[in-house]
There are 2 protein chains.
Amino acid sequence: MVTERLREDIIEGALAPGTQLSEVELAKSFGVSRGPIREALQRLIQEGLLRGEPHRRVSVPVLTKEDVADIYLARTALESAAAQSVIASGKSEETFRQLDRNVRAMDSAEAAGDWEAVKRHDLEFHTVLVAASGSRRLQRMFSTVISETRLCVGALTAEEARHHQEGESPGEGTHRKISEMIRDGNTAGALEALKKHFDDAVSVLTSRDSESDAEPASTR
Amino acid sequence: MVTERLREDIIEGALAPGTQLSEVELAKSFGVSRGPIREALQRLIQEGLLRGEPHRRVSVPVLTKEDVADIYLARTALESAAAQSVIASGKSEETFRQLDRNVRAMDSAEAAGDWEAVKRHDLEFHTVLVAASGSRRLQRMFSTVISETRLCVGALTAEEARHHQEGESPGEGTHRKISEMIRDGNTAGALEALKKHFDDAVSVLTSRDSESDAEPASTR
DNA sequence: CGTCTGCTGACTGTTGACATTTGACAAGTG
DNA sequence: CACTTGTCAAATGTCAACAGTCAGCAGACG
């Protein structure tokens, strides 16, 4: 449970990238001993949400543009495989219904200007897609990489989010296209739509000036 | 370092699938305290090499046929993405040279009947492919799934390995075909060859009678 | 003045011991 | 005889304390 709270703190942006974490400090703030803290840190390091070297304090990673591109490369690999698997195993219809629910939710949230809800249903869409594959390993790998994604988009401003969603309102959104391709069993089309979707996301995320491989911010 | 040794013990098959591990026992056998043991177990659990539930002893997983299929589905996803990335970034030639070195090594090892070496170079081939992608996340995910693969093939007998390699000697091996497709920049062909390669592997591994979802063996 | 050496402080890695929970065995009961 | 219940050993989760290591700094030396 301490792992969960720490993970949320990192993802939500409560801990700025570059921050260095001390085990004793965390232990005090969580009211537990260093043992559970160490376990939580280990897990988060293996999930890629923290970086740690021996005898050095763990730190929240600062994601370079290369990292963002790499994260989305990994997501392309995972979600493409999931889409193929879903279509191949004939679960297109069922999956489409779940996917479409999130597409609609995203549309209405967007109309209402609730960008938090848009992000939430965006994540949910992709999670549903991978879960529909039924592959435990795909899901396991996805859960770690989606955490890193949240680390990227967590800092997105409403303006940037709006820019990303542009042209998605009428019925031409890439999410909608992906779900329809899956419904129709069009594997090649789904893969192409996924790749385009992620390429767009990468260009939005890497277009801003920050996020370069600048030196980490100072601590305390 | 204790993680490494434990990992090897599991992969090499020194610890039979279904075996339940006690922290105190491991601590005694490794000559360290329970702290490092717990950390090692946590890592291996997250790598999928061990299963653990709260307040329950961790155990070496017994892989069902579904697990084997799932592992290879994950590998297909990862290595397909790696191959695409390698071709797209124009590193086909360079990668081919590294790949071909392992193909030749496999051929000669096969001729010599050294199945251990065949397995080693097989693993090395796929590791090189993923490493050539330059994607840290692809490599990270691959390293965990390749461990599970070693867990599968670790128990392979020479006879079964030979059967798997059948028809690979003259120059028609699927490894060779994959590497050549990459050299030629034939993305679709490489993906197809990879898929066929893994499908073959799955049918070999799931054809034997054991490996079903039988109840775990007794402990101690 | 620049560089190197030795020290201080803090933090991590590890240890042994304590509290809590689980699974099983045995006794009791309808 | 089957089922429930009480008890107990063993294993896990947690804690506070000890030893080893690294970053930073003051001072000495060329």
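To find a chain, count down the sequence lines: A is the first, B the second, and so on, and within it residues start at 1. Quick note: numbers below take in every heavy atom, side chains included, and nothing from hydrogens, waters or symmetry partners.
- Contact between A:Gly48 and A:Glu148 at its shortest, heavy atoms only, is O-OE2, 3.5 Å.
- Distance, B:Glu39 CD to C:dG13 C1': 8 Å, rounded to whole Å.
- If you check C:dT12, C:dT15, D:dT14 against the side chain of A:Val24, the one that comes closest is C:dT12.
- Shown here for B:Asp67 and B:Val62, the closest heavy-atom pair between the two residues is OD2-O, 3.9 Å.
- Of the candidates A:Asn102, A:Asp107, A:Asp100, A:Arg104 forms a side-chain hydrogen bond (donor to acceptor under 3.5 Å, both in side chains) with just one, namely A:Asp100.
- B:His175 and B:His121 share no donor-acceptor pair across their side chains, judged by distance under 3.5 Å alone.
- Residue B:Leu41 is classed as having no contact, given no heavy-atom separation below 4.0 Å to the nucleic acid.
- Distance CD (B:Glu23) to C1' (C:dT14): 15 Å, rounded to an integer number of Å.
- Side-chain atoms of B:Arg57 and base atoms of C:dG23 include no donor and acceptor less than 3.5 Å apart.
- One atom, CE of B:Met1, and another, P of C:dT14, lie 7 Å apart when rounded to the nearest Å.
- Whole-Å rounding puts the B:Leu21 CG to D:dT12 C1' distance at 14 Å.
- Side-chain contact check for A:Arg43 and B:Gln46: no donor-acceptor pair (N or O, by modelled atom type) lies under 3.5 Å.
- Under 3.5 Å, the side chains of B:Ser135 and A:Asp70 contain a donor-acceptor pair of N or O atoms.
- For A:Arg34 and C:dG13, the CZ to C1' distance is 7 Å, given to the nearest whole Å.
- Residue contacts for B:Gly35: at a heavy-atom cut-off of 4.0 Å it reaches a base atom on one of the strands shown.
- For D:dG13, the OP1/OP2 oxygens have a side-chain nitrogen or oxygen of B:Arg38 closer than 4.0 Å.
- Atom C1' of nucleotide D:dA10 and atom NZ of B:Lys28 are separated by 12 Å, given to the nearest angstrom.
- Rounded to an integer number of Å, the gap from B:Leu26 CG to D:dA11 P is 11 Å.
- Using modelled atom types, one finds no donor on one side chain facing an acceptor on the other under 3.5 Å when comparing A:Gln42 with B:Gln42.
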Got a list of protein N/O to nucleotides 19-25 of chain D N/O distances below 3.5 Å?
from	atom 1	to	atom 2	distance (Å)
D:dA23	OP1	A:Arg56	NH2	2.3

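- Between B:Glu53 atom CD and D:dA11 atom C1' the separation is 15 Å, expressed in whole Å.
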